[in-house]
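Structure record follows, encoded as structure tokens.
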Amino acid sequence: MNVIFRTGFGFDVHRLAEGGKMILGGVTINSAGVGTVAHSDGDVLVHALCDALLGGAGLADIGTYFPDTDPTFSGADSMVLLDQVMGMLRERACSLVNVDATVVLERPKLSEYREEIRDSLASRLGLKPERVAVKATTHERMGPFGKGEGIASYVSVMLSQRTAG
Ligand code: MG
């Protein structure tokens with residue numbers, strides 16, 4: 001039995017609008033009435049994480065498995081989708097080694113939520129918190145992200161996979 005390492009990368013973006021909620025890594029952010037526009041709960045960080053995990057395992061994107069045209073996923077809790085993605089990885093003998101995530105958001109500042117989001121993701125993923133990094137940056141007031149029109153997230157992961165040969 002060999003163990004190989006595989007990297008995965010994910011990106012997601014959502015529009016922001018007045019009303020609704022902003023949820024990141026399963027944590028509700030006090031966003032002064034600005035919410036994420038999405039079919040699901042709009043957790044852009046978890047969506048990018050799911051895509052990173054799926055990509056690392058050689059699978060397709062999140063929309064292939066959880067299409068936004070499917071009413072089943074209307075308002076879906078993205079952490080439940082994350083559970084399902086982790087199940088798909090287990091079926092392929094893949095384990096998650098670490099997560100490195102960045103959220104791009106002009107406001108609010110996420111520094112006060114950083115540890116809570118990291119702990120939320122780590123406990124859901126069954127990882128020690130030190131295996132999960134959550135960073136945030138503004139877009140320096142440039143472009144649609146800088147004007148507060150949207151939120152984006154980039155996530156990279158390392159997987160280990162047990163293989164027969
Ligand atoms: Mg999304």
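Of all non-hydrogen atoms in P129 and R118, the two that sit nearest each other are O-CD, 3.3 Å. When all heavy atoms of T163 and M1 are compared, the pair lying nearest together is O-SD, 3.1 Å.
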Evaluate side chain to side chain contact (heavy atoms under 4.5 Å, CB included) for M22 paired with L105, printing each intermediate quantity in order. CA-CA 11 Å; M22 183 183 292; L105 179 65; 3.9 Å; yes
If you apply the rule side chain to side chain contact (heavy atoms under 4.5 Å, CB included), what do you find for V85 with I62, and how did you get there? CA-CA 9 Å; V85 168; I62 185 174; 5.6 Å; no
Would L127 and L96 count as a side chain to side chain contact (heavy atoms under 4.5 Å, CB included) here? Give the steps. CA-CA 8 Å; L127 290 179; L96 178 56; 3.7 Å; yes
Checking E18 against V34 for the side chain to side chain contact (heavy atoms under 4.5 Å, CB included) test, could you report, in this order, the C-alpha distance in whole Å, the side-chain angles of both residues, the deciding distance, and whether it holds? CA-CA 5 Å; E18 292 293 327; V34 174; 4.1 Å; yes
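Atom CE of M79 and atom CG of L49 lie 9.0 Å apart (nearest 0.5 Å). Note that OG of S40 is 8.5 Å distant from CG of D68, once rounded to the nearest 0.5 Å. Separating the CZ atom in F9 from the CG atom in D51 is a distance of 9.5 Å, to the nearest 0.5 Å. The distance from atom CG of L59 to atom CG of L53, rounded to the nearest 0.5 Å, is 10.0 Å. Here the CG-NZ distance, from D41 to K21, works out to 8.5 Å after rounding to the nearest 0.5 Å. With values rounded to the nearest 0.5 angstrom, C50 atom SG is found 6.5 Å from F66 atom CZ.
With contacts defined as side-chain heavy-atom distances shorter than 4.5 Å, the pair L110/I29 qualifies. Within the 4.5 Å cutoff, side-chain heavy atoms of M88 are placed close to those of L54. Between T137 and V103 the shortest side-chain heavy-atom distance does not fall below 4.5 Å.
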Tell me which donor-acceptor pairs under 3.5 Å the side chains of residues 138-146 have, and how far apart each pair is, sequence neighbours excluded?
from : atom 1 : to   : atom 2 : distance (Å)
T138 : OG1    : E140 : N      : 3.2
H139 : ND1    : M142 : O      : 2.9

Taking only distance into account, with no hydrogens and no angle test, what donor-acceptor pairs under 3.5 Å do side-chain atoms of residues 148-161 form with protein atoms, sequence neighbours excluded?
from : atom 1 : to   : atom 2 : distance (Å)
S153 : OG     : T102 : O      : 3.0
Q161 : OE1    : R6   : NH1    : 2.8
Q161 : NE2    : R92  : O      : 2.9

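Hydrophobic clustering keeps V97 apart from L89 (ILVMFWY residues linked when any side-chain heavy atoms are closer than 4.5 Å, directly or through intermediates). Cluster membership check: V13 does not share its hydrophobic cluster with V46, using side-chain heavy-atom separations under 4.5 Å among Ile, Leu, Val, Met, Phe, Trp and Tyr. Cluster membership for L45 and I23, using ILVMFWY side-chain heavy atoms within less than 4.5 angstrom, is not shared.
Within the structure, side chain to side chain donor-acceptor pair (under 3.5 Å) pairs that include any residue of residues 104-113 do not occur (at least two apart or interchain). Among residues at least two apart or in separate chains, side chain to side chain donor-acceptor pair (under 3.5 Å) pairs with a member in residues 81-90 are D83-R124.
Residues passing the ring pair (Phe, Tyr, Trp, His ring centres under 6.0 Å) test with H14 are H47, sequence neighbours excluded.
V37 belongs to no hydrophobic cluster, as no Ile, Leu, Val, Met, Phe, Trp or Tyr side chain comes under 4.5 Å of its own.
Checking side-chain atoms of D43 against main-chain N and O of G26 turns up a donor-acceptor pair under 3.5 Å. Between the H39 side chain and the P71 main chain, no donor and acceptor come within less than 3.5 Å of each other. Distance alone, capped at 3.5 Å, is enough to place a donor-acceptor pair between the S120 side chain and the G25 backbone. Between the T36 side chain and the A38 main chain, no donor and acceptor come within less than 3.5 Å of each other.
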